[in-house]
S.K.: 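Before I ask anything, here is the structure I am working with.
Quick caveat: nothing in here was measured; it's all calculated off a predicted structure. In listed order, ligands and their atoms are each counted from 1. Heads up: numbering here begins at 1 and tracks the sequence.
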Amino acid sequence: MDFEIDGATAEKLEEARDWGEREMRPAGLEADREGRPLPVDHAYFKKFLARGDGRTRWRGPGEDATHESAASDAGNRTVSALLLSEEYAYWDRGVTVAGPGPGLPEPSVLSLGTEEQKERFLGPFLEPDRPRWACFAMTEPSAGSDAAAIKTLARKDGDEYVLNGAKCFIGGASRADWILVQATLDPEKGRAAQRAFFVEQGTPGLGGFKIEKKMGLKAYESTSFTLEDCRVPVENLLGGEERYERKAGFKTAMRTFNAGRPVIAANAVGMGRAALDEALRFAYDHGLLSRDRIRDRLEAMSRKLRMARLVCLRAGWLADLERPNIVEASMSKALAAGVAQEVTSLGVELLGTVGAKGDHLIEKLYRDVKAMDIVEGTGQIQRMIIAREIVQLPR
Ligand SMILES: Cc1cc2nc3c(=O)[nH]c(=O)nc-3n(C[C@H](O)[C@H](O)[C@H](O)COP(=O)(O)OP(=O)(O)OC[C@H]3O[C@@H](n4cnc5c(N)ncnc54)[C@H](O)[C@@H]3O)c2cc1C
């Protein structure tokens, strides 16, 4: 593995640092203090678009540039994206996720969507006229880790599908132009019967949006909603009916998750780094650096973060080589989320009463970081995946 950061990535990291300090950190603190997501018309989102962000990676009709082919063009695309993900989360992870764009479902649409679907659903993200969001809805009140147990039902009726069910904790659902909803044709048939559907905002039957209360990451909304006799045309089935293969529906969701695990790991490393810097600054300002027990804590924080970053970058390096990375992707997330929780906790301890007061960045980081262990497969689930791969159990 080459650890040198190429010139283009270094430049982007410099820009990210400047943007993060100027815009992201203040927006994150504002949302946290006000205890609500950044509103849709927040100035941050307009600046975000003006900066050229919030766009799709799809290159437009007729261009055969899927995520995969674009990835193979640039040798270190994933590693570079991970370093940027770490930097943005350093400044504010909630604001990173809050940003407009095709978000979590984009990789699935790029790799499995029909040309017509890419044009319809990603087209508006080519040169967005306003901040636009899209989101991916898998989790249900009774199905989180066991994603194969979802109950949202899709019934075929002529040239439509009728969706019924409830989703929860879905990032950006009430503001999304469309939601990629994971549903099942038959809950008894588990994974094989799952499909993903584009449900556009305003479709009759889609409603009941309720923004959940969260302990951290308040800058973006996590929202529950219901689907009641919600009808979508067959053209809204991801990949189209003719391209459907057995188990492809569930694989859609897993594809989304596999792409995301090292990103969550990188986010966690970034948040841990922010906590380390706060702790270092505090120790310096208060003349604590000569104390062994303070230095011991700072050393542990630094060492563990570096270890987590290395595993994360290895997962990205394998992806760039188009080599299987399932174990490394899960390891990176399991390790980095745990390390970041430990590091933010040590940081709060090191600051003593100042850290525990509730108005210090380190306390916010401590609350924000817990979700890194939960989203896109909890720590326990990652460890199960790793163990299964090691002993070669069927997936
Ligand atoms: C901030 C935030 C944002 C989110 N955003 C989204 C989103 O955009 N889209 C979306 O679809 N979902 C989203 N989620 C939901 C998230 O994916 C789920 O919370 C997660 O999958 C865990 O599911 P659960 O909460 O139902 O917990 P459960 O699955 O009920 O698990 C509870 C506990 O049991 C453990 N556990 C479960 N099964 C096993 C097992 N077999 N062996 C050992 N331990 C086990 C888990 O690790 C966990 O500790 C979000 C959640 C949060 C907190």
S.K.: For ligand 1, note which part of Lys167 has a heavy atom under 4.0 Å away: side chain, backbone, both or neither.
M.R.: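 No part of Lys167 comes within reach of ligand 1.
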
S.K.: Between Trp178 and Phe125, how do the two ring planes meet: parallel, tilted or perpendicular, split at 30° and 60°?
M.R.: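 Perpendicular, since the angle between the ring planes exceeds 60°.
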
S.K.: Name the option, out of Ser145, Gly144, Pro105, Ala137, that contains the heavy atom nearest to atom 28 (P) of ligand 1.
M.R.: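 Residue with the shortest heavy-atom distance to the ligand atom: Ser145.
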
S.K.: Any N/O of Ala371 closer than 3.5 Å to an N/O of ligand 1?
M.R.: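 No: no nitrogen or oxygen of Ala371 is under 3.5 Å from one in ligand 1.
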
S.K.: Can a salt bridge be assigned to the pair Glu21 and Arg17 using a cut-off of 4.0 Å between side-chain N and carboxylate O?
M.R.: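 Salt bridge flag = no for Arg17 with Glu21.
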
S.K.: Applying a heavy-atom cut-off of 4.0 Å, say which part of Thr378 lies close to ligand 1: side chain, backbone, both or neither.
M.R.: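 Under 4.0 Å from ligand 1, Thr378 contributes side-chain atoms alone.
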
S.K.: Show me which atoms of ligand 1 lie under 4.0 Å from any heavy atom of Gly171.
M.R.: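 Answer for ligand 1: 7 (C), 8 (O).
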
S.K.: Look only at interatomic distance and state if Ile170 has a nitrogen or oxygen under 3.5 Å from any nitrogen or oxygen of ligand 1.
M.R.: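 Among all N and O atoms of Ile170, none is under 3.5 Å from an N or O of ligand 1.
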
S.K.: Any salt bridge linking Asp359 with Lys357? Criterion: basic side-chain nitrogen under 4.0 Å from a carboxylate oxygen.
M.R.: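 No.
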
S.K.: How close do Glu376 and Gln382 get, counting heavy atoms only, and between which atoms?
M.R.: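 Scanning both residues, the minimum pair turns out to be O-NE2, 3.2 Å.
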
S.K.: Can you find an N/O atom of Thr139 closer than 3.5 Å to an N/O atom of ligand 1?
M.R.: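 Right, the criterion is met.
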
S.K.: What about Phe136: any of its N or O atoms under 3.5 Å from an N or O on ligand 1?
M.R.: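 Yes - when backbone and side-chain N and O of Phe136 are compared with those of ligand 1, one distance drops under 3.5 Å.
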
S.K.: In sequence, state the C-alpha distance, the side-chain angles, and the governing distance for Glu278 and Lys364, and then conclude on salt bridge (Lys or Arg N to Asp or Glu O under 4.0 Å).
M.R.: CA-CA 12 Å; Glu278 287 303 306; Lys364 175 178 177 295; over 6 Å; no

S.K.: Would you say the ring centroid of Phe3 lies under 6.0 angstrom from that of Trp317?
M.R.: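 They do not qualify: ring centres at least 6.0 Å apart.
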
S.K.: Gln380 heavy atoms, cut-off 4.0 Å: which ligand 1 atoms fall inside?
M.R.: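 Going through ligand 1 atom by atom, the ones under 4.0 Å from Gln380 are 43 (C), 44 (N), 46 (C), 47 (O), 49 (O).
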
S.K.: Of the listed options (Ile381, Asp146, Val97), which comes nearest to atom 38 (N) of ligand 1 when hydrogens are ignored and any heavy atom counts?
M.R.: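 Ranked by closest heavy atom to atom 38 (N) of ligand 1, first place is Ile381.
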
S.K.: Would you say the rings of Trp58 and Phe121 are close, in the sense that their centroids are separated by under 6.0 Å?
M.R.: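 Phe121 vs Trp58: aromatic centres not under 6.0 Å.
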
